[in-house]
Structure formats: structure tokens, C-alpha cells
Amino acid sequence: METKQNYFTQRVIKLILSVPKGKVATYGLIAKLAGNPRGSRAVGWILHSSTHKYNLPWQRIIKSDGRLSFVAGSTKFLSQCKKLDAEGVLVINGRVDLKKYLWNKSRSI
DNA sequence: CGCGTGACTCAGG
DNA sequence: TCCTGAGCCACGC
């Protein structure tokens, strides 16, 4: 593999690929599990940079408050909304109920 | 090695 | 609930 990136980046990608369908994760959670509790911004950058290469389920990654990261009404926003809905994740006014859909690695059913 | 950028998060008001 | 400022991290140039 041409993975010349940092361990953190690789870990983030793997973590994102581990998020089950019908569940969502936050940038902060991914960053924390990857080893950098404060690397949330980096997670966003990694997604933006590697989604096309690794075909990551970017729609499952949202902000810590349960809202989508994109501007409401934008093309990407609607696209994410549609994908999540197709997976069974209910999105209301650009918000997701983290209490129901947040992925807990410790609880992975 | 420094600087700007970005799909973030937290603390206050 | 919404807005603002400060902090953090990886990447490209």
C-alpha cells in the first residue's frame, strides 16, 4: 500500500471504516480513539483529503453536538442527509440523535 | 521550518 | 439556542 501517512491518519481511516451502518461517530470520538483527543480538526482534514482515495463512509462522521458539518441546504449537506436516511439514521433539521445513533466501540452490540 | 487552510471542539456570554 | 474567540492537528506550499 502506498500508505506513507502518519499512524494517526491510518488509524482514523481504519476507525471510520469500522463504524457500522446505521450508526454515526463524531470527529472528536474518532480523534480520541485514534490517539489524539484534540485532533478533531485533523480528522476533518483527513476525511476531506482521503475520502476519494479510500471511499470512506464520510456521511457517518458528524459534529460533537449531533449536527452535520456542512451548511444546511448545501449540496453536500443534502447528500449526507440522504445517505444517512438510507442507512436508517434519522436526520431532523440537520441534526442526529446521538443518544440513539452514536457508535460506541465498547458496546458494539 | 513557517504560514495558511479546514468537513472541529470547548468555554463564555 | 446562537455567536464569538481561542486552542489543536495534519497537510500543502
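Within every chain, numbering begins at 1; the chains are lettered A, B, ... in the order of the sequence lines, protein sequences first and strands thereafter.
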- Full working for side chain to side chain contact (heavy atoms under 4.5 Å, CB included) between A:F8 and A:R11: CA-CA 5 Å; A:F8 175 69; A:R11 204 82 190 109; 5.5 Å; no
- Item | Audit row: A:W58, A:H48, side chain to side chain contact (heavy atoms under 4.5 Å, CB included) steps and yes/no | CA-CA 9 Å; A:W58 55 271; A:H48 175 67; over 6 Å; no
- Apply side chain to side chain contact (heavy atoms under 4.5 Å, CB included) to the pair A:L47 and A:Y54, showing each step before the final yes or no. CA-CA 9 Å; A:L47 251 57; A:Y54 300 85; over 6 Å; no
- Item | From CA spacing to verdict: side chain to side chain contact (heavy atoms under 4.5 Å, CB included), A:S79, A:F70 | CA-CA 10 Å; A:S79 182; A:F70 301 106; over 6 Å; no
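Pairing each heavy atom of A:Y27 with each of A:S69, the nearest pair is OH-OG, 2.8 Å. Nearest heavy atoms, A:K83 versus A:Q59: CB-CG, 3.7 Å.
One hydrophobic cluster, built from ILVMFWY side chains closer than 4.5 Å, cannot hold both A:V71 and A:L68; they sit in different ones. Taking hydrophobic clusters as Ile, Leu, Val, Met, Phe, Trp and Tyr residues chained together by side-chain heavy-atom distances below 4.5 Å, A:L17 does not share a cluster with A:W45.
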Check: protein-nucleotides 4-10 of chain C nitrogen or oxygen pairs below 3.5 Å:
{"from": "C:dA10", "atom 1": "OP1", "to": "A:N36", "atom 2": "ND2", "distance (Å)": "3.4"}

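For DNA chain B, the contact window with chain A, defined by any atom under 4.0 Å from a protein heavy atom, covers B:dG6 to B:dC10 in 5' to 3' order.
Distance check on atom P: B:dA7 versus C:dG7 gives 22 Å, rounded to whole Å.
A heavy-atom distance below 4.0 Å to DNA chain C is reached by these residues of residues 75-98 of chain A, ordered by number: A:R95.
Between the side chain of A:S74 and the backbone N or O of A:F77, at least one donor-acceptor pair lies under 3.5 Å.
Using a cutoff of 4.0 Å between basic side-chain nitrogens and carboxylate oxygens, A:R67 and A:D65 are scored as salt-bridged.
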